[in-house]
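Working notes, structure below.
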Amino acid sequence: MSMRTLPLLFLNLGGEMLYILDQRLRAQNIPGDKARRVLHDIISTMFNKNFIEELFKPQELYSKKALRTIYDRLAHASIMRLNQASMDKLYDLMTMALKYQVLLCPRPKDVLLVTFNHLDAIKGFIRDNPALVHLVDETSQQLIEAYGGLSAGEFQLIRQTLLTFFQDLHIRVSIFLKDKVQNSNGRFVLPVSGPVPWETEVPGLIRMFDHKGKEVKRTEFRHGGNYIAALKEGSFELYGDRVLKLGTNMYSANRPVETHTSGASKNLASQSQQSIAPNPLAKEELNFLAKLMGGMEIRKPSGPEPGFRLNLFTTDEEEEQAALTRPEELPHEVVNIQATQDQQRNQELARIMGEFEVTDQPRWSASKGDDLLAMMDEL
Amino acid sequence: MFRRERSIPLRGSAAALCNNLSVLQLPVHNLTHFGVVHGPSAQLVSAAPEGVPLAQRQLHAKERAGVSLPLITQVHWCVLPFRILLVLTSHRGIQMYESDGSVMVYWHALDSGDASPVQAVFARGIASSGHFICVGTWSGRVLVFDVPAKGPNIVLSEELAGHLTSVTDIASEHAQEQDCIADMVTADDSGLLCVWRSGPEFKLLTRIPGFGAPCTSVQLWQGIVAAGYGNGQLCLYEASTGTLHAQINAHARAICALDLAPMVGKLLSAAEDTFVHIWKLNRNLKNGCIEVEHCHGECVPDTQVCGARFCDPSGSSLAVTGYDLAEILRFSSV
């Protein structure tokens with residue numbers, strides 16, 4: 001699959017995460033300065049120069065497990081804490097939202113517009129911090145350089161790679177169900193009306209030519225859909241009208257963040273597919289995680305900064321209930337690192353993980369191997 | 001008019017690839033084989049005429065030790081003069097099996113040679129031409145394998161140069177007696193089509209340039225090239241000259257599969273816009289021009305179709321796969 005997919009996946013999922021956290025911070029009446037601090041810390045970690053540099057290196061798309069680890073770390077980059085159940089829900093919402101956006105992109109290239117929508121909104125969260133805005137702009141510039149010249153065929157491969165990542169995820173999201181963009185079986189509605197993608201013609205016309213290229217006949221057929229011509233192309237520049245609405249913030253103060261996570265929605269058949277693979281986190285993924293997290297700069301809260309817990313559910317009781325009914329087969333619950341062949345890499349990752357230590361949870365000890373397993377288990 | 005028939009369940013959902021359904025009709029045995037790519041595995045299902053599933057098998061791409069399973073790009077049955085082989089292409093290489101997938105008879109590892117780090121390496125595009133099996137690659141090279149009447153002594157006999165970007169699909173038809181008859185066409189990500197004549201050495205007859213959209217699927221019927229593109233357009237060309245004879249604004253999203261019912265000149269096109277359309281191809285005997293008319297359109301609601309095939313030579317039944325769908329949908333005409 002495409003080796004250029006990770007930056008798009010990471011930045012868009014990160015953007016969705018920020019939309020959701022922003023909404024929950026407001027819904028839970030977290031004081032303005034604390035809320036701003038949280039978003040600021042997460043964004044500055046996300047767009048850290050070293051991290052972005054690692055991100056943009058050509059590489060395969062790694063498993064959902066590996067990626068989930070990054071977001072766990074990112075969500076805890078500040079004074080905010082999330083329980084396991086809330087972190088699960090956050091990740092479910094992020095992934096289903098991006099799956100929806102990728103699936104509904106009119107053209108494969110439009111996933112770039114979705115990314116710009118996320119980045120534009122992120123700049124809105126930190127607009128009072130010019131240095132941070134500049135950092136986000138630099139990432140936008142890197143996107144333009146890395147993707148601006150790709151062909152339609154290369155974008156199609158990127159799209160197929162992204163869809164492979166989201167295959168078999170059918171978690172029902174209340175806001176999608178209410179808006180009727182998702183069916184009750186968890187599948188997204190694919191509309192057959194509206195504007196066609198830029199550079200596509202409205203279906204219905206057949207033109208026939210002779211050997212000299214002269215048009216000799218023109219007929220029409222009933223396509224079955226209800227399409228109109230494309231209106232205008234979105235901007236792929238640093239600033240501009242993106243035209244496409246996918247990737248903009250769909251959560252507002254009035255739209256609470258809810259999911260149904262019915263057990264049946266996770267395709268158990270595909271879960272057992274994954275368990276056939278010998279190493280749940282293969283050596284390559286450990287390398288990838290080590291590199292990426294090595295690039296991440298986590299700022300440890302200085303002094304006895306009072307942290308707070310964010311709840312993705314409407315009440316604490318709901319969160320507890322969700323924790324109890326968490327499906328057993330969720331892969332990230334236990335990360336079995338069997339990479340004993342690569343002690344050195346393991347130690348490197350362990351060292352980096354150690355730097356992420358949270359002050360009130362000392363769990364780092366001298367013996368690396370077992371503790372690394374234990375630490376990953378706690379994620 | 002088509003009506004839905006009984007679906008065939010799959011163990012895993014279909015991956016979002018193009019040409020993600022292969023069908024082998026075995027009327028003598030009253031059986032139909034279906035092949036669908038899930039991701040790291042491909043599924044083979046055999047079914048009786050009413051769609052009752054009889055047997056299932058899963059195939060995986062060959063892997064290197066300690067590395068995650070490579071993704072499969074395509075699975076396709078190749079009907080050769082004396083045998084039928086099942087070909088599986090992946091990011092690792094090309095595997096060939098006996099037609100029921102029970103025994104692997106040949107393995108060819110891809111050479112990633114001069115690929116840049118940002119380049120994905122894979123094989124994609126499978127077709128038989130006489131006793132050859134042709135497979136496309138990420139670089140644009142088309143590998144030609146010489147297949148004996150039986151046994152595993154398959155040999156890479158030629159590498160065709162003609163494409164500069166990744167091959168997407170290959171189509172062929174039975175060669176006629178005359179010279180200079182085009183019997184194979186290859187397509188790539190840039191939309192370029194190469195038309196070939198097969199033989200001990202394949203000859204490039206003509207090139208049909210693209211227009212920016214990838215050519216995702218291609219078919220060849222009586223010297224007519226049918227090409228489906230990423231912008232939803234379907235074009236018909238005269239194979240020997242490359243002249244455009246028909247341009248159809250067929251779909252609102254990328255076409256992902258084309259198939260032919262050669263006995264009756266029917267063409268089906270399936271796309272990510274959830275539609276499958278059936279067309280009738282025709283050669284006007286008076287002026288030799290190629291004509292096409294639309295026969296029927298079928299909407300597969302909320303399904304990003306990724307594969308579609310006729311299930312019988314008269315084109316009166318078809319099968320469809322969709323991204324994320326763990327079943328093969330079947331339709332028959334009423």
Side-chain angles (χ1 to χ4, degrees), chain A residues 1-4 57-58 60 63 103 106-108 151-154 156-157 159-160 163-164 166-168 170 183 187-190 192 196-197 199-211 213 216-217 219 221-225 227 267 269-270 273 276-279 282-285 341, chain B residues 11-13 15-17 38-41 66-69 71 91 117-120 165-166 168 188-190 212-214 216 230-233 238 241 243-254 273-275 277 287-294 297-299 301-304 323-324 326:
Chain A
M1 289 280 113
S2 174
M3 307 283 269
R4 296 176 162 104
K57 286 190 182 153
E60 279 183 24
S63 68
L103 203 52
R107 288 178 303 179
S151 68
E154 280 159 321
Q156 191 184 48
L157 193 65
R159 176 187 156 84
Q160 288 176 344
L163 289 176
T164 303
F166 294 121
Q167 204 168 331
D168 301 323
H170 300 298
N183 293 322
R187 286 166 203 283
F188 290 115
V189 172
L190 299 181
V192 294
V196 288
E199 286 162 347
T200 291
E201 302 288 338
V202 175
L205 182 64
I206 306 173
R207 298 167 71 202
M208 285 172 270
F209 309 88
D210 65 13
H211 331 273
V216 293
K217 198 170 174 189
T219 59
F221 71 96
R222 260 190 55 92
H223 173 260
Y227 294 101
N267 188 336
S270 72
Q273 282 291 344
I276 291 171
N279 281 343
K283 197 165 95 172
E284 283 181 357
E285 284 189 339
Q341 310 108 339
Chain B
R11 282 233 189 95
S13 58
L17 298 163
H38 166 67
S41 65
V67 165
S68 54
L69 287 175
L71 293 176
H91 284 251
V118 84
Q119 179 76 51
T165 60
S166 306
T168 48
D188 75 21
D189 257 353
S190 73
T216 47
N231 68 344
Q233 237 173 23
E238 181 70 64
T241 60
T243 314
L244 174 69
H245 274 273
Q247 190 177 56
I248 310 169
N249 298 338
H251 291 275
R253 295 283 188 280
D273 65 356
T274 78
F275 282 90
H277 286 295
N287 54 24
C289 280
I290 298 165
E291 292 174 348
V292 59
E293 63 176 293
H294 180 256
E298 192 72 36
C299 175
D302 302 330
T303 304
Q304 185 184 279
Y323 164 66
D324 244 3

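All chains are named by letter (A, B, ...) in the order of the sequence lines, taking the proteins before the strands, and each is independently numbered beginning at 1. Below, all heavy atoms of this structure are taken into account, side chains as well, without hydrogens, waters or symmetry copies.
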Would you mind checking which part of [X] comes under 4.5 Å of any heavy atom in chain B, side chain (CB onward), backbone (N, CA, C, O), both or neither?
X	value
A/Tyr227	side chain
A/Glu201	both
A/Val216	neither
A/Val192	side chain
A/Arg187	side chain
A/Ser2	backbone
A/Arg222	backbone

>> What I want to check is whether the side chains of B/Asn287 and A/Asp210 have a donor and an acceptor closer together than 3.5 Å.
In response: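 Distance-only check fails for B/Asn287 and A/Asp210.
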
> Would you say the side chains of B/Ser13 and A/Gln167 form a donor-acceptor pair under 3.5 Å?
Replying inline: yes

Residue, of [options], that accumulates the most heavy atom pairs under 4.5 Å with chain A:
options	result
B/Ala252, B/Cys289, B/Gly288, B/Ala120	B/Ala252
B/Pro301, B/Ser190, B/Ala250, B/Ala254	B/Ala250
B/Val118, B/Asp188, B/Leu71, B/Asn231	B/Val118
B/Gly232, B/Gly297, B/Ala15	B/Ala15

Side chain from CB out, backbone as N, CA, C, O: work out which of these in [X] comes under 4.5 Å of a heavy atom of chain A, or both, or neither.
X	answer
B/Leu17	both
B/Thr216	side chain
B/Glu298	neither
B/Gln247	both
B/His277	side chain

Reported [atom1]-to-[atom2] distance for the pair [X] and [Y], which is rounded to 0.5 angstrom:
X	Y	atom1	atom2	value
A/Glu199	B/Gln233	CD	CD	11.5 Å
A/Arg4	B/Gln119	CZ	CD	7.0 Å
A/Ile206	B/Glu291	CD1	CD	11.0 Å

I'd like to check [X] versus [Y] (side-chain heavy atoms, cut-off strictly below 4.5 Å). Are they in contact?
X	Y	result
B/Asp324	A/Asp168	yes
A/Glu154	B/Thr165	no
A/Leu190	B/Gln304	yes

Shortest non-hydrogen contact between [X] and [Y], atoms and distance:
X	Y	answer
A/Phe166	B/Tyr323	C-OH, 3.5 Å
A/Phe209	B/Leu244	CB-O, 3.6 Å
A/Pro58	B/Pro117	CB-O, 3.5 Å

>> Below 4.5 Å, heavy-atom pairs only: which of A/Met3, A/Met1, A/Arg107, A/Gln156 has the largest tally toward chain B?
In response: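 So the answer, after comparing A/Met3, A/Met1, A/Arg107, A/Gln156, is A/Met1.
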
> Which one, A/Leu157, A/Val189, A/Thr219, leads in non-hydrogen pairs under 4.5 Å with chain B?
Replying inline: A/Val189

> Do the ring planes of A/His223 and B/His251 sit parallel (below 30°), tilted (30 to 60°) or perpendicular (above 60°)?
Replying inline: perpendicular

